[in-house]
There are 2 protein chains.
Amino acid sequence: MTTARERPTLEAVARRAGVSRATVSRVVNGSTTVAEPIQEAVRRAVQELGYVPNLAARSLVTQRTDSIALVLPETATRVFSDDQFFPGIIRGVSQELEAADKQLVLMIAGSAASHARVERYATGRHVDGVMFASVHGADPLPATLVRSGIPVVCSGRPMGQVTVPVPYVDVDHIGGVAKAVRHLLETGRRRIATIAGPQDMIAGIDRLAGYRDELRDSGRRSLIAVGDFTRESGGLAMRQLLDDDPDLDAVFVASDLMAHGALRTLREAGRRVPEDVAVVGFDDIEMARYTDPPLTTVRQPIQEMGREMTRQLLRMAAGEDIGHAVVLPTELVLRESA
Amino acid sequence: MTTARERPTLEAVARRAGVSRATVSRVVNGSTTVAEPIQEAVRRAVQELGYVPNLAARSLVTQRTDSIALVLPETATRVFSDDQFFPGIIRGVSQELEAADKQLVLMIAGSAASHARVERYATGRHVDGVMFASVHGADPLPATLVRSGIPVVCSGRPMGQVTVPVPYVDVDHIGGVAKAVRHLLETGRRRIATIAGPQDMIAGIDRLAGYRDELRDSGRRSLIAVGDFTRESGGLAMRQLLDDDPDLDAVFVASDLMAHGALRTLREAGRRVPEDVAVVGFDDIEMARYTDPPLTTVRQPIQEMGREMTRQLLRMAAGEDIGHAVVLPTELVLRESA
DNA sequence: CTGAAAGCGCTAACAT
DNA sequence: ATGTTAGCGCTTTCAG
């Protein structure tokens, strides 16, 4: 049933059209230097035979595949969690790749084995370049690929020692936090706490650093609890902060999901938001508009990050030398919670 | 910076190890017919040179790529909606592919352009086979690929005229609905309505057919409203059913998400569940356990569908002739709502 | 057990 | 404007 009947080759088409392989190749690849009647004949032969170019053969000589990998270094479960980070990146990447007529191949690589397989796949030149959507801790894969000469761009500044510089695109976490904390100060808050994210991710680290910097500059003490970006951890961290200092009147939370948990804890503790305690989140996820009260938060251009990352990669794949880091601006979105 | 220094070829390794290309190839591919000391020498040369096989060259001769595509014929937004269908399929597929040491490549193909690109990619033999996670309406792509001789399996019975049979794996929608409706009848319900899914998807069609069959067999009239599998449409459809027949005492809803919407409408209409109206859903999504009351629903083995689909595909890719359809059993999960 | 040689199907100089 | 030719890097008979 599925016994693929012999696939016709260029040779077959050439014979049928009464021309040479080279001419068929030219027509198939849209060269204009072929006489119209011959083009016509070739196209008919292609049609009749149902010819489709063998991409492996083409890649072998062109050294290109016209496809690009986007690696999601997470388990399927996390990729499909309600955080809209991955879809945002994918949309951005797709847009740019579509425009460049390249094929996007997604690779989920949550396990060590899949990590290894991705490495083989990429170093084997199955793709012209690799992008990483979020990088975990000090994942060595991006650097490994760079070293093997494959164009690589990460979304999110990679951590770990820089044996070889890995190009990346990130958002301005620190600037965003600065705006958030400054807003709290300017609206009269005196005792500003933070719920930080996990300290093995750059987003967690940078957002905490931004908070620390800003408070130090304004001569205030910091008050910190650490969560893991989940709603539950946000609630627990808020509880802890209230215990540590019942007089706090504001909290900057490093993710909207955690902020959601914190809002609930505050309500249970009888604090009014924003009257007693102001709350600012980070991410501007859809849900931030529907919390009670709606969440003031820092917006980051996720989709734009995907696009920018792709533009960089395409430039590299085209042999251009590119700068090694791009940082996109973040903005404070004011809503009722602060 | 990214100027890939010349990649070493088999030839280079062979020279360095003082053997022939053929021998290096044997070692690299794990042939056992090579003397141990030579294997050792070759491996060292590979190591020193940082040799990685060129996959395009290999594919050209072996006619295999050892990678398989899973096409998600949806926009990124829909792929990442809160329905856990796609992650389930992906997990199942990944498990089987991992075991077979094949690379999974995901392709999101929501637009016409991406559809075309996937076709080129697959017919160009960039992958050894293609799986479809859900098929829309009468999407011609699966059949097109089958016709071009590439192994294809769909999850969900494809619709449309069968010019060429496309292998598929599906769950027993009709049997599941039958169990649900029979349960309602056996617990004394007399006037059983349904909220159907969209009639351009096989899941929508089959689940409605199952309801109709079962009611006909028991000599009762059917009462139907149609939704689109979203929560909102479920609420609206329930409203409509109550208007059509205020005396209804049970409703079979073709998806849990719609059932969630229906529960809300029922509450607003002052009906108690299950006392006044029994509700049964379909899908057994996570959320079904947390509705008020928890939802009796039909469970379908999504992940198993992914696994089975993959097994089929691998068998086909290995040249075996396989049966053309597999249907997996569904089961009724009793909770408080019915 | 190892090597020589013949391609896999295509593109890209180089001729004509 | 078209054809001829020489590989791209690898696997795989077939001899030895």
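Within every chain, numbering begins at 1; the chains are lettered A, B, ... in the order of the sequence lines, protein sequences first and strands thereafter. Basis for what follows: all heavy atoms, side chains included, without hydrogens, waters or symmetry-related copies.
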Expressed in angstrom and rounded to an integer, what is the separation of [X] atom [atom1] from [N] atom [atom2]?
X	N	atom1	atom2	answer
B:R21	D:dT13	CZ	C1'	14 Å
B:N54	D:dC10	CG	C1'	8 Å
A:R58	D:dG9	CZ	P	18 Å
B:R125	C:dG9	CZ	P	11 Å
B:L60	C:dG7	CG	P	14 Å
B:R26	D:dC14	CZ	P	14 Å
B:L10	D:dT12	CG	P	12 Å
B:E11	D:dG7	CD	C1'	13 Å

_Can you confirm whether B:P167 sits close enough to B:C154 that some side-chain heavy atom of one is under 4.5 Å from a side-chain heavy atom of the other?_
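B:P167 vs B:C154: side chains apart.
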
Choose from [options] the nucleotide whose nearest atom is closest to any side-chain atom of [X].
X	options	value
B:S25	D:dG3, D:dT11, C:dT11	D:dT11
A:V61	D:dC8, C:dC14, C:dA4	D:dC8
A:T9	C:dC8, C:dC10, D:dA1	C:dC10

*Phosphate-side-chain proximity, A:N29 and C:dT11, N/O vs OP1/OP2 below 4.0 Å*: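 Result: yes.
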
*So, is B:T23 close to the C:dG3 phosphate, meaning a side-chain N or O under 4.0 Å from OP1 or OP2?*
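For C:dG3, OP1/OP2 do have a side-chain N/O of B:T23 under 4.0 Å.
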
*At under 4.0 Å between heavy atoms, what does B:L55 touch on the DNA or RNA strands: base, sugar-phosphate, or nothing?*
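Here B:L55 touches no strand at all.
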
*For A:R15, all residues meeting side-chain contact (heavy atoms from CB on, under 4.5 Å), sequence neighbours excluded*: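 So A:R15 forms a side-chain contact (heavy atoms from CB on, under 4.5 Å) with A:E11, A:A12.
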
_Run the side-chain contact (heavy atoms from CB on, under 4.5 Å) test against B:V327 and tell me which residues pass, sequence neighbours left out._
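In terms of side-chain contact (heavy atoms from CB on, under 4.5 Å), with neighbours along the sequence ignored, B:V327 is linked to B:D172.
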
*DNA chain C: B:A35 or B:A57, which has the more 5' nearest nucleotide?*
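Nearest-nucleotide comparison on DNA chain C picks B:A35.
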
_Comparing B:A56 and B:A22 on DNA chain D - which has the more 5′ nearest nucleotide_ =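 This one resolves to B:A56.
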
*State, without any angle test, whether B:T163 and B:R147 hold a side-chain donor-acceptor pair at a distance under 3.5 Å.*
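Checked: B:T163/B:R147 side chains pair up, N/O donor to acceptor below 3.5 Å.
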
*asked:* Would you say that more than 12 heavy atoms from the other residues, nucleotides or ligands in this model lie under 6.0 Å from the CD of A:Q47, or not?
replied: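 Incorrect, the count does not exceed 12.
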
